[in-house]
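Some notes on the structure that comes next.
FYI, side chains are in, hydrogens and waters are out, and symmetry mates aren't considered; it's all heavy atoms of this structure. A, B, ... follow the sequence lines: proteins, then strands. Residue 1 opens every chain.
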Amino acid sequence: MRTQYCGELRSSHIGSTVTVCGWVDTRRVHSEHLAFIDLRDHTGIIQCVVDEKLDLRSEYVVSVTGTVRSRFEGKSNEKLSTGEVELGDCIVELLSSAEPPPFPMHERSEVDENIRLRHRYLDLRKSRMQRNLRIRAQVNSAIRKAMEKQGFVEIETPMLIASTPEGARDFVVPSRLHPTNFYALPQSPQIFKQLCMVGGFDKYYQIARCLRDEDLRADRQFEFMQLDMEASFVTQDDVLSFVSEAIKDSAETITGERPGEIPRMTWIEAMERFGSDKPDTRFGMELIELSSIFENTEANVFKVDCVKGILYSQGAEILGRNAIDALTEKCQSWGAKGLAWFRVGEGSSLDGALTKFMSEEEITQLTATMGAKEGDMVFVIADQRRTVNHILGLLRLELARPPVGEGGLNFLWITEFPLFESVTDSGEPIPAHHPFTMPHPDDLGMLDEASGEDYLSIRSQAYDLVLNGWELGSGSVRIHKKDIQAKIFHLLGIQDDEAQQKFGFLLDAFKYGAPPHAGFAFGIDRLVALLAGEENIREVIAFPKTQSGSDPLTNAPTPLDDGHLEELGLRLAPDMS
RNA sequence: GGUCCCGUGGUGCAGUCUGGAGUGCACGCCGCCCUGUCAAGGCGGAGGUCGCGGGUUCAAAUCCCGUCGGGACCGCCA
């Protein structure tokens, strides 16, 4: 049917007869003797000259057979890749007529996202989605090639699995053959890939669909794709190297430029310098330690565990009183007691509500430590260390985060995540990752000695990959030894029978010779979004859900009729229907 | 669970703060004219439950309450 794509035609084709297919883009009808029809496919636009009366309207699907010819002298169009030529002597075959589209099909207009999603099939025709989904396909391909090149074997794991109690909320599927029982959809192939290690596939990978029933965000959908990998007889360094290769190949495929060695930062350094375990290192504004300045302060707000600040260079004029009040409210909504701010005036003098409670010495040291100059703005948070870092980390992003696409691709490994994220009132530590995460070798001894808050300083061999402030993925070295695993379960307050019930099949598998292994998984939607310069992963997903988890195109989720429910042995609670 | 923003012909917006007739702009749509345009041009025309419900008022797109939908974020996402 088609001999050429629209966007391919050049002067070199002049004289040849071609057939192109596509959608009618703009048309310029002069009379029944002359009309210009722009025909569009995903490669571009070719102008077709029609000299008879034809009822061709926007988005009609046609094939055009014609002769490629040079445009008239001075009539070429530099905006089009095909602008030197046009199709003449056109024979037009109408393949489908079309109603007027519900939103403009040209690229200039912003269209409400809800309307785009309701007519996603039209939105997909536009160059933004064409480009993004093609980038996505290229990234998938680059990842597969990179993993295969490194000796990894693609293994598929089931979608209908047993629910495991830890982690995110599961999506569940009722079982028809086993009434009262449910499958869960996988949050990740975590346990299966570890079983593959026991099964002797020492390098596993999969581009896996993962599902988590948690609230949606710009960078989170219910369903998302991960490059999931695991390898046996490897160290953390080996895993980082495998993943780096896939990441670098992906980025190079899209940008044409190969990223350099991905730098590493420990978790504690990230938290102290950037207030986040996924620091956006495209810009500075780092958190600066001020606690020692206020050790003997008279100011009550600074008589706390930790005082830190950030410097907003030349921010004094940009931020008026209203803006500062708004920032203060934001910080409070994030859990801060308040936000201390200082305008730096002439000769490093400070202006701010709290200066009257501060000594000369404190003011001088604060200014010096912050490196503040006239016209700068200093924001200070005083609270528990954890809170201070968290709030300043959020404030830093609020004040200075560059738009996506600016500042290049700042990949970063975060290593040595803590093994435990908090401690219950009864003194039991709560794991930060999953309970099979291997502790840091230097901290193994602390497992026996620690108590209470001590647990929080035990490091693990867990690591994250971060790109421009987005968490791309995470992984860890897994525990493969029974005694360490028993110790961890003991610390977590998980009894033997409980462990057997929750993870029995994995523990059973480990009885039969578990190789040391480690792995990783990173989110492909997020990687593609950042490579495509999009702020939102919905822009790189063909059919995404809205923030409330519905699909304006198919109207999912929908009710089930009574017969369907009955077959599954389900009855709706009275107050739900 | 919480905070904030948005909802006005098919589309994008202005109007809302400070209540006074569905008022306006651009695109699109329909018809006519037009032989070199390219976001074609000219003339004419159609198209509205101002998301929905309630309240205040002589009077509500505008103020108040509720609700639905969309978005951003905090919590949540081992």
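Between A:Asn536 and B:A72, a side-chain N or O to OP1/OP2 separation shorter than 4.0 Å is present. In this model, the phosphate group of B:G75 is approached by a side-chain N or O of A:His390 to a distance below 4.0 Å at OP1 or OP2. Applying the 4.0 Å criterion to OP1 and OP2 of B:G12, one finds that A:Arg116 has every side-chain N and O outside that range. Contact between the side-chain N/O atoms of A:Ser31 and the OP1/OP2 oxygens of B:U35 is found at a separation under 4.0 Å. Contact between the side-chain N/O atoms of A:Arg28 and the OP1/OP2 oxygens of B:A40 is found at a separation under 4.0 Å. In terms of phosphate contacts, A:Gln47 brings no side-chain nitrogen or oxygen within less than 4.0 Å of OP1 or OP2 of B:U37. Residue A:Thr546 places at least one side-chain N or O under 4.0 Å from the OP1 or OP2 atom of B:G70. For B:C4, the OP1/OP2 oxygens have no side-chain nitrogen or oxygen of A:Ser333 closer than 4.0 Å. Within the structure, a side-chain polar atom (N or O) of A:Ser550 is placed less than 4.0 Å from OP1 or OP2 of B:G70.
To the nearest whole angstrom, the two P atoms, one in B:C17 and one in B:G71, are 28 Å apart. Spacing of C1' atoms, B:A78 relative to B:C6, comes out at 35 Å, to the nearest Å. With both ends at atom P, the span from B:C43 to B:C25 equals 14 Å, rounded to whole Å. Rounded to whole Å, the separation between the P atoms of B:U67 and B:A26 comes to 40 Å. Remark: the separation of the P atoms in B:G1 and B:C63 is 28 Å, to the nearest Å. If you take atom C1' in B:G47 and the same atom in B:C4, they sit 35 Å apart, rounded to whole Å. Spacing between B:A59 and B:G22 at atom P, rounded to whole Å, works out to 14 Å. Taking the C1' atoms as reference points, B:G15 lies 24 Å from B:G53, given to the whole Å.
The stretch residues 60-92 of chain A comes close to RNA chain B through A:Arg69, A:Arg71, A:Phe72, A:Lys75, A:Ser76, A:Asn77, A:Lys79, A:Glu86, each having a heavy atom under 4.0 Å from the strand. The stretch residues 208-230 of chain A touches RNA chain B through A:Arg212, A:Glu214, A:Asp215, A:Arg217, A:Ala218, A:Arg220, each having a heavy atom under 4.0 angstrom from the strand.
Residue-level contact check: A:Gln190 touches the bases, meaning some heavy atom is under 4.0 Å from a base atom. Using a 4.0 Å heavy-atom distance criterion, A:Asp112 is classed as a sugar-phosphate-only contact. Looking at heavy-atom distances under 4.0 Å, A:Thr437 makes no contact with the nucleic acid at all. Heavy atoms of A:Arg118 sit nowhere under 4.0 angstrom from any nucleic acid atom.
Between the side chains of A:Gln500 and A:Asp508, at least one donor N or O sits under 3.5 Å from an acceptor N or O.
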Expected list for residues 72-79 of chain A: side-chain donor-acceptor pairs under 3.5 angstrom, two or more places apart:
from    : atom 1 : to      : atom 2 : distance (Å)
A:Asn77 : OD1    : A:Lys79 : N      : 2.9

Could you list the donor-acceptor pairs under 3.5 angstrom formed by side chains in residues 387-397 of chain A, with sequence neighbours left out?
from     : atom 1 : to       : atom 2 : distance (Å)
A:Asn389 : OD1    : A:Lys308 : NZ     : 2.8
A:Asn389 : ND2    : A:Glu272 : OE2    : 3.3
A:Arg396 : NE     : A:Gly284 : O      : 2.8
A:Arg396 : NE     : A:Met285 : O      : 3.3
A:Arg396 : NH2    : A:Asp280 : O      : 2.8
A:Arg396 : NH2    : A:Phe283 : O      : 2.7
A:Arg396 : NH2    : A:Gly284 : O      : 3.1

Side-chain donor-acceptor contacts of residues 548-557 of chain A below 3.5 Å, not counting sequence neighbours, with atom names and distances?
from     : atom 1 : to       : atom 2 : distance (Å)
A:Ser548 : OG     : A:Thr546 : OG1    : 3.2
A:Ser550 : OG     : A:Thr546 : OG1    : 3.1
A:Asp551 : OD1    : A:Leu553 : N      : 2.9
A:Asp551 : OD2    : A:Thr554 : OG1    : 2.9
A:Thr554 : OG1    : A:Ala556 : N      : 3.3

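Between the CD atom of A:Glu113 and the P atom of B:U11 there is a distance of 16 Å, rounded to whole Å. Whole-Å rounding puts the A:Leu117 CG to B:G69 P distance at 15 Å. Atoms CZ (A:Arg401) and P (B:A72) sit 13 Å apart, rounded to a whole Å.
Stacking between A:Phe36 and the base of B:U37 is present: ring centres sit under 5.5 Å apart and the planes differ by under 30 degrees.
Listed by first and then second residue, the salt bridge (charged side-chain N to carboxylate O under 4.0 Å, His left out) pairs that reach into residues 185-195 of chain A are A:Lys193-A:Asp228, A:Lys193-A:Glu230, sequence neighbours excluded. For the salt bridge (charged side-chain N to carboxylate O under 4.0 Å, His left out) condition, the pairs that include at least one residue of residues 80-92 of chain A, sequence neighbours left out, are A:Arg69-A:Glu86.
Nearest-nucleotide assignment on RNA chain B puts the 5′-proximal partner with A:Arg108, out of A:Arg108 and A:Ala432. Place A:Pro104 and A:His33 on RNA chain B by their nearest nucleotides, and A:Pro104 ends up nearer the 5' end.
For A:Ala432, the side-chain contact (heavy atoms from CB on, under 4.5 Å) test picks out A:Glu421, with sequence neighbours left out. For A:Ser58, the side-chain contact (heavy atoms from CB on, under 4.5 Å) criterion is met by A:Arg27, A:Pro101, not counting sequence neighbours. By the ring-ring contact (aromatic ring centres under 6.0 Å, His included) test, A:His33 is found to be paired with no residue, residues two or more places apart in sequence or in another chain being considered. Taking A:Trp413 as the reference, A:Phe520 meet the ring-ring contact (aromatic ring centres under 6.0 Å, His included) condition, with sequence neighbours excluded.
Searching all strands for a Watson-Crick or G-U wobble partner of B:C63 with both distances below 3.5 Å returns B:G55. In this structure B:A26 sits in a base pair with B:U11, meeting the Watson-Crick or G-U test at under 3.5 Å. Pairing for B:G75 is absent, judged as Watson-Crick or G-U wobble with the two contacts each under 3.5 Å. Pairing partner, B:G69: B:C6, with both Watson-Crick or wobble hydrogen-bond distances short of 3.5 Å. B:C43 is paired with B:G31 under the Watson-Crick or G-U wobble criterion, all donor-acceptor distances under 3.5 Å.
The minimum heavy-atom distance linking A:Ile479 with A:Thr437 is given by the pair CD1-O, 3.4 Å.
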**OP:** Could you check A:Tyr463 against A:Gln461 for side chain to side chain donor-acceptor pair (under 3.5 Å), going step by step and ending with a plain yes or no?
**Re:** CA-CA 7 Å; A:Tyr463 33 85; A:Gln461 294 185 66; over 6 Å; no
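Of the listed residues (A:Val62, A:Val92, A:Val29, A:Leu94), just one forms a side chain to side chain contact (heavy atoms under 4.5 Å, CB included) with A:Leu54, and that residue is A:Val92.
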Name the pairs: protein N/O against N/O of nucleotides 31-33 of chain B, kept only if under 3.5 Å.
from  : atom 1 : to      : atom 2 : distance (Å)
B:G31 : OP2    : A:Arg57 : NH2    : 3.4

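A salt bridge links A:Glu113 with A:Arg538; the closest basic N to acidic carboxylate O contact falls under 4.0 Å. One finds a salt bridge joining A:Lys330 and A:Glu398 here, because a Lys/Arg side-chain nitrogen approaches an Asp/Glu carboxylate oxygen to under 4.0 Å.
Between the base of B:U3 and the side chain of A:Glu329 there is no donor-acceptor pair shorter than 3.5 Å.
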